[in-house]
Structures are given as structure tokens and as C-alpha cells.
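Numbered from 1 within each chain, the chains take letters A, B, ... in sequence-line order.
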Number of protein chains: 2
Amino acid sequence: MSKSTSKSITLKEVAEAAGVSVSTASRALSGKAEAYRISSATEQSVRDAAKKLQFSPSLLARSLRSQQTKLLGVVLPNVANPFFAAIAREITLAAEADGYSVLLTDSQENSETEARLVEQLQARQIEGLVVCPVGMEEAHLCQLARQKLPLVLIDRGFNNRELVTVTSDHQSGARAAMNELLEAGHRTIGILQGMPETLPNRERLSGVKESLESCGLDFDSSLIAGHHFDEASGYQAALHLLSTRPEITALFAFSNQNALGALRAASERGRAIPDDLSLIAFDDFPFAAYLAAPLTSVSQDVNQLGQVAARLLLEQIRSSVPPQQKQYRIPVQLIRRSSITKIG
Amino acid sequence: MSKSTSKSITLKEVAEAAGVSVSTASRALSGKAEAYRISSATEQSVRDAAKKLQFSPSLLARSLRSQQTKLLGVVLPNVANPFFAAIAREITLAAEADGYSVLLTDSQENSETEARLVEQLQARQIEGLVVCPVGMEEAHLCQLARQKLPLVLIDRGFNNRELVTVTSDHQSGARAAMNELLEAGHRTIGILQGMPETLPNRERLSGVKESLESCGLDFDSSLIAGHHFDEASGYQAALHLLSTRPEITALFAFSNQNALGALRAASERGRAIPDDLSLIAFDDFPFAAYLAAPLTSVSQDVNQLGQVAARLLLEQIRSSVPPQQKQYRIPVQLIRRSSITKIG
DNA sequence: TTGAAAGCGCTAACAT
DNA sequence: ATGTTAGCGCTTTCAA
């Protein structure tokens, strides 16, 4: 009944077992035998000892000594959201392939939490950070960049063109969506927006405006409702719009969760989609084609988003210089299904 | 144009600024002033210096010294899968609330990758680990547990009753699903299974068998197809079943992705759901109610799954002793919608 | 009430 | 070709 609290093996023990000094052991194991002209006999005996003892070097100690943690930080507003989950995965995979590990955190869509998490990640000496910022406050992030911490903003961002940002082409996406509605004859279109202060939301709104203007229509702000990208906001906004402006013939939801809320509201109001109400949404999702009204949507290439962010971060770390180009726009794609009816 | 490579402030610098020794500084800042009877004047001057210099202690150094990393490891088969993403989130949130950070990794549904990731996490001296194991090989995980590393298995697991495992009550869930179909008069039911060797799959199969037997029906293995929990497997399995056993009147998909595949297959084969084919699935999802055939499903409480796992892990770390109870079953819930037709 | 010093496990400059 | 030593930044024993 030995309660072996198996402390882990240290380099020193390996060195002793092999009858050499720790430095020799270190060199033999980190592939520097060649460079230090260590005899292959010695090298082998160190390797054997290490294997026999199941030695696994303490990355903690190594990091402290080398000041390289091989750690990346990721701060996302909601890890459970499939959109962000996909981003987390791409970053994780790319990191792993490069010998990095990722500390994943969830800011819960809250600025103070985000700030605290970033500090904590810094205290762990991460070598790079990707964040999808919650608020409109960019100061703390700019400071990170000025401290030479490789930083990449994803999805959301700021007008500050100095921070490396990768996000979708929201404006053309929104334009395409509106054009689709306009071409089908819709003239009173309700907008279910997400968080108003975020870059994606602002740019989608610009796209909406552009599209309207190119049709000679004007932008009626009483046709916009919503405050968040979640289901509840979509539901409330749709309910509000449908009762204040019953003449609405189509809804443009700024996220698939907003669309989900719209579906609930429409069903409660007895407005069948697409017959009594057309719907289009930003963000495609797996079941979109199998809905009662197969949903026409603007699909973001979320994998691409994550991959590009990861690549930019890793390159920045490797070269210790921020990329020339700061703004990266990932194209979106309009997926036509049948949630839009022709009218007029 | 000063290119300040702002090295971060160390405790030593704070001590110097405050005119005290590092030990005093350390004590003052880690709330041990009281215990060490440090004068409040000294304490304050240390705090002031720390604040002025924006001191942030190196968690790396602290961890090395104290042998406590405040790091948790999480290994999931696919972080982008909403089911696992939700788990990741719950663990992250609970960890954060307890001062822990989480290293998130993705095994890509591959055993060797999983093993490598676990080793790497160990090298980083994580204090606890939650893994959703890929294969049927439990040896390496048992060893971790024997090395006294707090470990919690989530979703999947083994028959080994010694490893702390939290998973859904797959068997009753599957029984409920089958009963629903049987009560509606279905007698030839195709099973779209997931990865055959996983615990959830095996237990769901048991539930299916039980339900069949209690009806006096026997379990026909030619009515089972599929090899993975993803869309492709569901699609192929459904296609296969629908052509080899065209008399099938209902399909039970073992995951919502499998159900998605079934939807595609059914649509290609011209079998309308629910009129020409009934469908039920394990795992609910947000849009299930708005499908062309609102999907009846067995809903897993994934948040609960994650929360329980996190709690068990954290408690294990705190008390340095594994919980009495090893097996945790989270209840599932049958959600009736209208993808099942009465027949016969 | 405070300081000096050891040491966590590793790497690398400086000896031989 | 290998060993000695210093030190990464912190906590904590031991001394005063």
C-alpha cells in the first residue's frame, strides 16, 4: 500500500543516473550534443537514463530561465457560441502545430472581466494574444501593442488602424443581404441589430445604408431594433418592430441567434415565413437548410478568420515585428435558400 | 521615438523603490503583512511603489517556487463542436472564479494526439485535468490518476469505475427515445450510431436494446449503421439503411450531427419527415423547434455536465483526495416536438 | 519588524 | 568533451 506521491523527475536526477553533470544532460537532451561535441556514448547514456526515469522537463523552469513560455492567450466574449468556438479551435490547432499552448478565457461579454483576464494572461507571460474585444475602449489594448506584445484582434475591432485586426467583410455582406431583399421587392425592412457599438454591427449598418441609398431609399432608424447578438435581443427587437411597424415585409437579422429570436417572435405573431414575412440573416449554420423556411444567409468563413488570426500572431512572434498590413478582411458569401418571397 | 521594450517590473525593483528587502516586499504584497507583523507604514510604501511601477508578479516564478501553477488542462475531441464548446466554457468560467487558468487543447478525435497533449500539459505542471477521451485505451489515464493528478473524465469514459466520470444518462435517454417511437407504432427502426467504442454509444445501444426487449421485439443489428458522431456518418448510415431496409419507418440518430446527415439523406431519397419517415435525435439544439419537421430529441444538460466536472476537479485539487463517488450521471430530458408520426 | 540566503528546475556563459 | 556556476523571479526558512 505504498502511497507513491511520485514527484516528477528532474534533470538533476537524470544527470546523476547517467553519471554526468546537469549541463551535459541538458545539452544531450535538447539536441545540442552535436554543437557541444558531446560523445555519442554520453549522449546515449543520458537519453537512456531519461527514458528509463520517464523524465519530462519542467516547462515552467525552462520558461522562467529562457523567458519564453510558448504560451498564447485567447480572450473571447463567449466560448460556448459556435462562432467563437470555431475560432478558438483554429487558434488552438495552429498553436499546437507550432509548439505553443493556449490559455483560453471567456470575458462573458464584459469589459472589466476582459481587462482582468488580459492582465492575468500577461502575468503568465504569454508570448502573444488574440482577443475579440467587448467594448469600444481600445486604450488598454493599444498599450499592450506598444509594450510589444504581439496582438491580434478578431471579429470585432476598432477604427484604430494600427491594431492588427482580422474580421469579415461585414459591409459588403450586409449590402448583399439588403440587395437581395430589395430586389425581391421589399421596401420596408426591419433590421435586427446586435451590439450597437461593435465594429461588425456598425459596418453592417453602413452596408445597409449604402444598399438603401443606391436604391434611392432612405435609412429609417425607427426600423432598427436590438442591442445584442443573442436570441433574446432578436426576439424582443422583432416583436417590437412587428408591432410598431406592421407594414414590415422583411427582417434582416444581424446574427443567427437574432434570427432564432425572430423565428420565435414571428411564430408568436402568426407571421409565417416566408409567406407573411421574409427573413435573411448574417451567419450561416448547419441546420439552416432544413428549417421550415430554409434560411437565406450571409455566411462568414469563420475557420478562415481563425486561421488568419493565428498565422498573423505566430508570424508576429517569430519575426518580433508587427505585419505591414494591419487590416484583414475575410470575404463573406451569400447563401440563397428560400426564406425570401418576391413581392410587389 | 523611444522604442521602449518595457521589460516587466520585478519584485526586486519594487523593493528597491520602497527601500526594503525583497522578502519584505513579497510579504507586504501577498497579504502576509499581518502575519509577519510588518509595520503598516512599510506595507503602504511597498504597495505604493508596486502601484507606481505597475508591478505584476511573475506567475511563472511564483509557480516554480511554490509548485502550484494554478493551471488546469482540458482535452476535448473537437473544440468547435457546440457540445464540447459549452463544456469548455463551463470549465473555464469555474476555473477563473477559483483563480485558475485553463490550457485548452483539441485532440482532433485522435488517440495519439490526445496522449501527446496530456504529456505536454503534464510538463506544464497542470494541477488538474479534464479529458473527454477518444479511444478505448484507459491505461495512460489510469496512470495519471495513480500519479495523484486530479482527473475528471467527461462525456465519454470507460467501464473502469475508479476514474471519476461525469456523463449523461445515455441509457435512459435512449430508452425514452425508443419508447417514444415504439408507442407511436414504429416497429422497424433504424439506428444511426456514433463512434461504436465510446461509452455514450455503447450505453445508448443498451438503452435501445432494453426498450426493444420490454416490447418483446428483438434487436436487429442490421438496423444499425454509422461509425462517427458527425454529419457525414449520419448521412451515409441513413442512406445505407434506407436502401437496404426500405421498410424502415423511423430513424434514431445518436447525435444532432447524425440527425443533420439523416435530414440530407432523407431529402435526397424523397422521404419526407415526418410523413414518410419519423426521426428522433440525441442532443437538442437551438433551431430544433424551427425545422421543417420540428425535431423531437433527447436533450443533454451540457452546462450541468461541465459544471459538475469543474466542481469535481476543483474539489479534488483542494482536498487532494478523489471524491467518494466516482460515477456521475446527469439526467437527460425528452423534448417532444413533431418529427414523429403515429402509424399502424 | 525586517533581512539574508537558499532553492524551485532549468539554460548558458565561462571555465577547463 | 564536460563541469562549474550564475541566475531567471519568486517564496520562505532561518537569523537577527
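Across the protein-nucleic acid pair, A:Q68 atom CD and C:dG9 atom C1' stand 17 Å apart, rounded to whole Å. Straight-line distance from the OH atom of A:Y36 to the P atom of C:dC14: 11 Å, rounded to whole Å. Atom P of nucleotide D:dA1 and atom CD of A:E43 are separated by 12 Å, given to the nearest angstrom. As a whole-Å value, the separation of B:E13 CD from D:dG9 P is 8 Å. One can place CD1 of A:I38 at 19 Å from P of C:dT16, the figure rounded to the nearest angstrom. Rounded to an integer number of Å, the gap from NZ of B:K12 to C1' of D:dC10 is 13 Å. Protein atom CD1 of B:I9 is 15 Å distant from nucleotide atom C1' of D:dC10, rounded to whole Å. Across the protein-nucleic acid pair, A:L60 atom CG and D:dC8 atom C1' stand 12 Å apart, rounded to whole Å.
One cannot find a donor-acceptor pair under 3.5 Å joining the base of C:dT1 and the side-chain atoms of B:R37. In this model, a side-chain donor or acceptor of A:S23 finds a partner on the base of D:dT4 within 3.5 Å. For D:dG9, the base has no donor-acceptor partner in the side chain of A:R65 [N/O atoms by modelled type, under 3.5 angstrom].
Checking D:dT12, C:dC8, D:dG9 against every side-chain atom of B:S26, the shortest atom distance belongs to D:dT12.
Residue A:R62 is classed as a sugar-phosphate contact, given heavy-atom separations below 4.0 Å to backbone atoms only. If you check every strand for non-hydrogen atoms under 4.0 Å, A:S66 touches nothing. B:T42 comes within 4.0 angstrom of the backbone, heavy atoms only, and of no base.
Ion pair B:E109/B:R156 flagged as a salt bridge, since at least one NZ, NE, NH1 or NH2 atom sits closer than 4.0 Å to an Asp/Glu carboxylate oxygen. Residues A:K148 and A:E127 are not paired through a salt bridge, judged by the lack of any N-O separation under 4.0 Å between the basic side chain and the carboxylate. A:E43 and A:R47 are joined by a salt bridge, as a carboxylate oxygen and a charged side-chain nitrogen come within less than 4.0 angstrom of each other. The existence of a salt bridge linking B:R318 and B:D98 is confirmed by a sub-4.0 Å separation between a basic side-chain nitrogen and an acidic carboxylate oxygen. Residues A:E112 and A:R116 are not paired through a salt bridge, judged by the lack of any N-O separation under 4.0 Å between the basic side chain and the carboxylate.
Applying the 4.0 Å criterion to OP1 and OP2 of D:dT11, one finds that B:Q67 has every side-chain N and O outside that range. When the side-chain nitrogen and oxygen atoms of A:S21 are compared with OP1 and OP2 of D:dG3, one or more of them lie within a distance under 4.0 Å. Between A:K32 and C:dA12 there is a side-chain polar atom (N or O) within less than 4.0 angstrom of OP1 or OP2.
Comparing B:L64 and B:V22 by the nucleotide of DNA chain C that holds the closest heavy atom to each, the one mapping nearer the 5' end is B:V22. Along DNA chain D, the nucleotide nearest to B:A61 and the one nearest to B:R27 differ in position, and the one closer to the 5' end is contacted by B:A61.
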